[in-house]
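One structure is given here, and the rest of the page talks about it.
Excluded from the calculations below are hydrogen atoms, water molecules and symmetry mates; all remaining heavy atoms, backbone and side chain alike, are included. Every chain is numbered from 1, with letters handed out A, B, ... down the list of sequences. Remember, predicted model here, so these are calculated numbers, not experimental data.
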2 protein chains.
Amino acid sequence: MALYGSSVEYGLHCLLHLSEAADRAPPSAKDLAEYQGISPSFVAKLFTKLEKAGLVISAEGVRGGFRLAKPKGDISVLQVVDAVEGGQPLFKCKEIRGNCILYDGNPPDRVTSSVCQIHALMQEAELKMRGVLGARSLADLDKSVGQVVPAQIKQASRDWFETRAQARRTDS
Amino acid sequence: MALYGSSVEYGLHCLLHLSEAADRAPPSAKDLAEYQGISPSFVAKLFTKLEKAGLVISAEGVRGGFRLAKPKGDISVLQVVDAVEGGQPLFKCKEIRGNCILYDGNPPDRVTSSVCQIHALMQEAELKMRGVLGARSLADLDKSVGQVVPAQIKQASRDWFETRAQARRTDS
DNA sequence: GAGCACGTACTCGGATAGGTGTTGTCCGAGTGATGCCGG
DNA sequence: CCGGCATCACTCGGACAACACCTATCCGAGTACGTGCTC
């Protein structure tokens, strides 16, 4: 278990692959899923969210697929997380202060108008977290990955997607 | 919806009330719940977690209840959150890199031994968040609240819990 | 040979189930306070 | 008057459901490509 679900991991990995194939044939959801060994249907569902958030553009038809809607340097990790997770806050204050039995259903204005201190602290923590995620773009992430993954693998990856795109509609 | 559930909010509010009544009769879970207008059963369930985490000490019997296990200055908000939420990480890396179809089930050591860049970024964000929560204690929080809530209300609150404790076993 | 219309296979997209975690509820075991009884 | 004991109401603690969300799946609508026909 974790606070963020698997969707975040899947989404980021997929988008990184997409950024690699920017000027190639757009990989389909199925291609991306099979390449990474994850559920194709779930990836498809994921990309509907990413498209609604304006991060990717879908192409239909037999040669269809997805490509980034913006340069990879203009897409922050935070945008991806928010698109996938629905922009959920870290903490949702229920304002239970107002339920205090002393107020008997009529909390004074002083309580309702002032901000809950617990809420304020949580917002501060959330802001720090989002700051880290917002400061890093897909390009930065891709660069970091490039320092670990050798160019040979990257080339093999591109070739695989290329072959996969070529094979559509011809191998039956 | 939010990343942290209601338990965090309930737990922190309850513990703040407990810190106010440090040298009084220990409030029971039922008292704390009714005072705040929340579910008594759920609060009881919550406090079992807080006790297992060593944050509160339970007293049994008719005059029983809960009191803080340590001075309020020695309990950080992070400890409370972790106790209630089970110390869940922000992000759990599934290492789907190793599933890559190119590796065919046998990912090279370079991949398995190196840290996932996405994972690393998430850990950085989580660290920042936990840093904020870990730097603030219940005493700090109580102080902030004191600047908003007038002493009159605080006194009324103490009186209510006192009355409630007195009323046990005598009003039937 | 060129243009056009059609069929097809593949794609996206949303509607549809299963599993898991969280919220909320309930009842039983244990315990300290209380009142009574005997010394 | 004082100490011990049985009772009891209240507490904690864990076992028990209901709900919601996340993960995963399926099938239908739509579209670009390829092919064959017509001119």
Do [X] and [Y] have side chains that approach each other closer than 4.5 Å (heavy atoms only, starting at C-beta)?
X       : Y       : answer
M122(A) : P89(A)  : no
F47(A)  : L32(A)  : yes
D82(B)  : R130(B) : yes
S6(B)   : K94(A)  : yes

Taking only the side-chain heavy atoms of [X] (C-beta and beyond), determine which of [options] contains the nearest atom.
X      : options                   : value
V62(A) : dC12(C), dC10(D), dC10(C) : dC10(C)
K45(A) : dT25(D), dG24(C), dC12(D) : dT25(D)
S6(A)  : dT23(D), dC12(C), dA24(D) : dT23(D)
F66(B) : dG13(D), dA32(D), dG14(C) : dG13(D)
R63(B) : dA33(C), dG24(C), dG13(C) : dA33(C)
F42(A) : dG13(D), dC21(D), dT23(D) : dT23(D)
S58(B) : dG13(D), dG14(D), dT25(D) : dG13(D)
E60(A) : dG30(D), dT11(D), dC16(D) : dG30(D)
K30(A) : dG13(D), dT11(C), dG30(D) : dT11(C)

Between [atom2] on [N] and [atom1] on [X], what's the gap in Å once rounded to a whole number?
X       : N       : atom1 : atom2 : answer
R168(A) : dG34(D) : CZ    : P     : 12 Å
M1(A)   : dT20(C) : CE    : C1'   : 8 Å
L46(A)  : dC21(D) : CG    : P     : 18 Å
R67(B)  : dT11(D) : CZ    : P     : 17 Å
K92(B)  : dT20(C) : NZ    : P     : 16 Å
F161(A) : dT11(C) : CZ    : P     : 13 Å
K94(A)  : dT23(C) : NZ    : P     : 7 Å
L50(B)  : dG14(D) : CG    : P     : 13 Å

Next item on the list: Considering just the side-chain nitrogens and oxygens of S7(B), establish if one lies under 4.0 Å of OP1 or OP2 belonging to dT23(C).
Entry: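 True: S7(B) side-chain N/O within range (under 4.0 Å) of dT23(C) OP1/OP2.
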Note to self: Does dC10(D) have OP1 or OP2 under 4.0 Å away from a side-chain N or O of S28(B)?
What the structure shows: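 No, outside the criterion.
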Regarding [X], tell me which of base, sugar-phosphate or nothing describes its non-hydrogen contacts under 4.0 Å with the strands shown.
X      : value
Q88(A) : sugar-phosphate
K49(A) : nothing
Y4(B)  : nothing
S41(B) : base

Next item on the list: Check whether more than 12 heavy atoms from other residues, nucleotides or ligands sit under 6.0 Å from atom CD of Q152(B), and answer yes or no.
Entry: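 Atom CD in Q152(B) is not crowded, with 12 or fewer foreign heavy atoms closer than 6.0 Å.
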Next item on the list: Please state whether the rings of Y10(B) and F42(B) are parallel, tilted or perpendicular, taking 30° and 60° as the class boundaries.
Entry: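 The arrangement is perpendicular - the two ring planes meet at more than 60°.
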Item checked: Which residue lies more 5' along DNA chain D, comparing G61(A) with Y10(A) via nearest heavy atoms ->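 Looking at the nearest nucleotide for each, Y10(A) comes out on the 5' side.
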Item checked: A59(B) vs S39(A), nearer the 5' end of DNA chain D by closest nucleotide ->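 Per heavy-atom nearest nucleotide, the more 5' residue is A59(B).
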